[in-house]
Structures are given as structure tokens and as C-alpha cells.
There are 2 protein chains.
Amino acid sequence: MNTKMMNIKSELEKHGIKPTYQRLCVLEFIEQSQDHPTADHIYENLVKKIPTMSRTTIYNTLNLFLEKGLVVPLTITGTEVRYEITTGQHHHFLCLKCGRIYDVNIQCPLSQSKTVDGHQIQEIHGYFKGICKNCLN
Amino acid sequence: MNTKMMNIKSELEKHGIKPTYQRLCVLEFIEQSQDHPTADHIYENLVKKIPTMSRTTIYNTLNLFLEKGLVVPLTITGTEVRYEITTGQHHHFLCLKCGRIYDVNIQCPLSQSKTVDGHQIQEIHGYFKGICKNCLN
DNA sequence: TATCAGTTTGTAATGAATACAAAAATGATG
DNA sequence: CATCATTTTTGTATTCATTACAAACTGATA
Ligand SMILES: [Mn+2]
Ligand SMILES: [Mn+2]
Ligand SMILES: [Zn+2]
Ligand SMILES: [Zn+2]
């Protein structure tokens, strides 16, 4: 196992997750992915390397990662869940033409808030939708 | 037809929508509803009054209202689309315990923006998730 | 080796939304 | 009123993401 895989392995262990081969591959794929993949994106890519890979394993793994706070779900499209590694707070832009999802780095004054109107905040999502820079041309 | 229904009728006409009975009832229900209903919520309520009502009509109507800009879709839960009347910009809080969706009125500095990172904005959604005021007790 | 918990896999089921075509309503025209 | 075209509504079948469930597999331990 190379050094990148060792890092991924220890990241799983740090979150109390037994580092199986499938889980390593799922986490590696999400980390390396730029475009907030769906469960199916992950499956379609991993099944090339692991022919016995099951879609159910992808879902099981993603739900485990969610519980342990390793990944964050994005419900921006409304048709399927997209995933990304839990990192610094940022917002997202969905292009209604090409479907691409862009990271948007803006200083949101609410990012640090723990409550709104007395409700206890656990997640904050900022979703923009429209036509992306590329598709405008 | 009472005066409230007349208002709803002219609201449809203002948006270039022929005011059929089904459409009047759907719009009336969404306007009067406090909790951002799903297509199924609307169906279950209207079928009491209109026994022949079809789920397909609800979906057709909602998609028409969306095209004409009468309603806004919320993808906050990730499992189904919620709808609300197009009004002033506001954000939403989803309680992960009871499932209720609250309006959140905060002055978001991005509400007026027409672009982010060169992307043309058409919709802005601010979603908070956590435990609501009621469920905290 | 026998056992056992945790993991992976395949198949079946669920549920929101769409596709599609028949039936019903509407509305203009003679 | 009768006819005919257009729009709207309805019911059924289908799609697709996700979950439910149980059998097969794995790896550690006694
Ligand atoms: Mn992101
Ligand atoms: Mn609202
Ligand atoms: Zn685009
Ligand atoms: Zn609550």
C-alpha cells in the first residue's frame, strides 16, 4: 500500500471505521473527485477495479461515512444525493444547463452561527442555481 | 366564487394560466399551507374535496406553476420536493427530528447578487438543518 | 478447527416522479 | 344545437434512486 492509501487508511481509523478494501476505495474516490459524485458515479468507477463491487456496499459505506461525519450530503439537484469530503464551509452552484456543481467560496456571515430563531444548527447549505460561466458562452 | 377564490383566479390569469378548478384548488392549498407541502400532501388534502383528483394532475399543475414562476421548489430534505409560493427571499430550517420546515428570515448579503464567480444566478437557497426549538425540550 | 461478529453481495421492495394514451371538458364556429 | 379541434384531466405503466433483507464471505479469536 502506497503512502496515499496509508493516509486514507488512517483517516478511516481516526473516525472509528474499520478500513476494508472497499471503504478505502470509496473514500479515495470521493477525495480525488472534483465533482461531488453520486452513489452511482462511485459505483460505476469502482466496479472497473473491483468487479464484485455491489451498489449496496456503496450505499452502506456512504451511510456509514455520513454517521461518522466523514462526508457531507448535498441535496442540491433534488433528484439524487451528491457527496463530498467534510472540509471547510463553502457553498455550491448548480448549472441548470450542464449539471456541473461548482464550489463557491464566499464569506457567509452565518457560517459560525450555532442557532437561528432558537433552532440548533447542525448543517448549513448554500445552494445557487443558474447558468455557469462556461455555458454562458 | 368568494373573494379569496377570485384573488387566486386572477393570480393564475396574471401568470398566463387558465384558471381551472383543479388549479385553483392547488394554488389555494399551497397559499394557505404553512409547512411547504409535497405533491402528496396536496393530493391527500384535495382528494377529499375532489374525489376524482389524480396525482398526475398535481404533478402537472406543480410543473406548470414552476414554469410560470408561481411556486418555488425546495430540495431541502433530499427525498422529495417541497413547494412554496414565490415570495420575498428567505431561508429554511429543517428539523432532523420532527421533519418540520421553518421559514428563516435573515438578511442574507448574497440575496441581491446576480452572479457568483462569473456564474449567472437564477435561484438562491439557504438550508439549515438541525434540531428545532420545539424538539430541543 | 469451530465459532462468531462484522462485512459484502444479490435480489426484492419502496416510493417519488415521469411517460403515455384514453377520457372528459372546453370553446369556437356554423 | 351539432360538430370538431384543443386543452385538461385521469389512470396505468414505467423509471430510477434508495432501502430492506437475507445469504455468503472474511478474519479474528478460543
Ligand atoms: Mn463542495
Ligand atoms: Mn418558506
Ligand atoms: Zn454549465
Ligand atoms: Zn423539530
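Since we're looking at a predicted model, the values are computed, not measured. Note on naming: letters A, B, ... go to the chains in the order of the sequence lines (proteins, then strands), and numbering restarts at 1 for each one.
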Euclidean distance, atom [atom1] of residue [X] to atom [atom2] of [N] [Å, nearest integer]:
| X | N | atom1 | atom2 | result |
| --- | --- | --- | --- | --- |
| M53(B) | dA23(C) | CE | P | 21 Å |
| I58(B) | dT18(C) | CD1 | C1' | 15 Å |
| L24(B) | dA25(C) | CG | P | 17 Å |
| L46(A) | dT9(C) | CG | C1' | 15 Å |
| N63(B) | dC20(C) | CG | P | 15 Å |
| L74(B) | dA16(C) | CG | C1' | 16 Å |
| E80(A) | dT18(C) | CD | P | 13 Å |
| R55(B) | dA19(C) | CZ | P | 18 Å |

Checking [X] side chain against [Y] main chain: does a donor-acceptor pair fall under 3.5 Å?
| X | Y | answer |
| --- | --- | --- |
| Y127(A) | Y127(B) | no |
| H90(B) | G88(B) | yes |
| K129(B) | I76(B) | yes |

Nearest 0.5 angstrom please: [X] [atom1] to [Y] [atom2], how far?
| X | Y | atom1 | atom2 | value |
| --- | --- | --- | --- | --- |
| T52(B) | L46(B) | OG1 | CG | 11.0 Å |
| Q34(B) | E84(B) | CD | CD | 11.5 Å |
| I121(B) | Q112(B) | CD1 | CD | 10.5 Å |

Heavy-atom contacts under 4.0 Å between residues 31-43 of chain A and DNA chain C, which residues?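 Correct list: empty, so none.
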State which residue, out of H92(A), R82(A), H41(A), fulfils the side-chain hydrogen bond (donor to acceptor under 3.5 Å, both in side chains) condition with H36(A).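 With H36(A) as partner, side-chain hydrogen bond (donor to acceptor under 3.5 Å, both in side chains) holds for just one option, H92(A).
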Out of dT9(D), dT19(D), dT7(C), which nucleotide sits closest to the side chain of K18(A)?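 The answer is dT7(C).
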Looking at [N], I'd like to know if its phosphate oxygens (OP1 or OP2) sit under 4.0 Å from a side-chain N or O belonging to [X].
| X | N | answer |
| --- | --- | --- |
| Y59(B) | dA17(C) | yes |
| Q22(B) | dA25(C) | no |
| T20(B) | dT9(D) | yes |

Quick one, K4(A) with E31(A), criterion salt bridge (Lys or Arg N to Asp or Glu O under 4.0 Å). Give me CA distance, side-chain angles, the key distance, then yes/no. CA-CA 11 Å; K4(A) 187 181 68 167; E31(A) 283 201 341; over 6 Å; no
May I ask you to say what R23(A) touches in the nucleic acid, namely base, sugar-phosphate or nothing, with a heavy-atom cut-off under 4.0 Å?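 Here R23(A) touches the backbone only, sparing every base.
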So what does T57(A) hit on the nucleic acid, given a heavy-atom distance under 4.0 Å: a base, only sugar-phosphate, or nothing?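 Contact class for T57(A): base.
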Using a cut-off of under 3.5 Å, enumerate the N/O to N/O pairs linking the protein to nucleotides 21-30 of chain D.
none

Indicate the ring-plane relationship of H91(B) and F128(B), choosing parallel, tilted or perpendicular according to the 30° and 60° boundaries.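 Ring orientation of H91(B) relative to F128(B): tilted.
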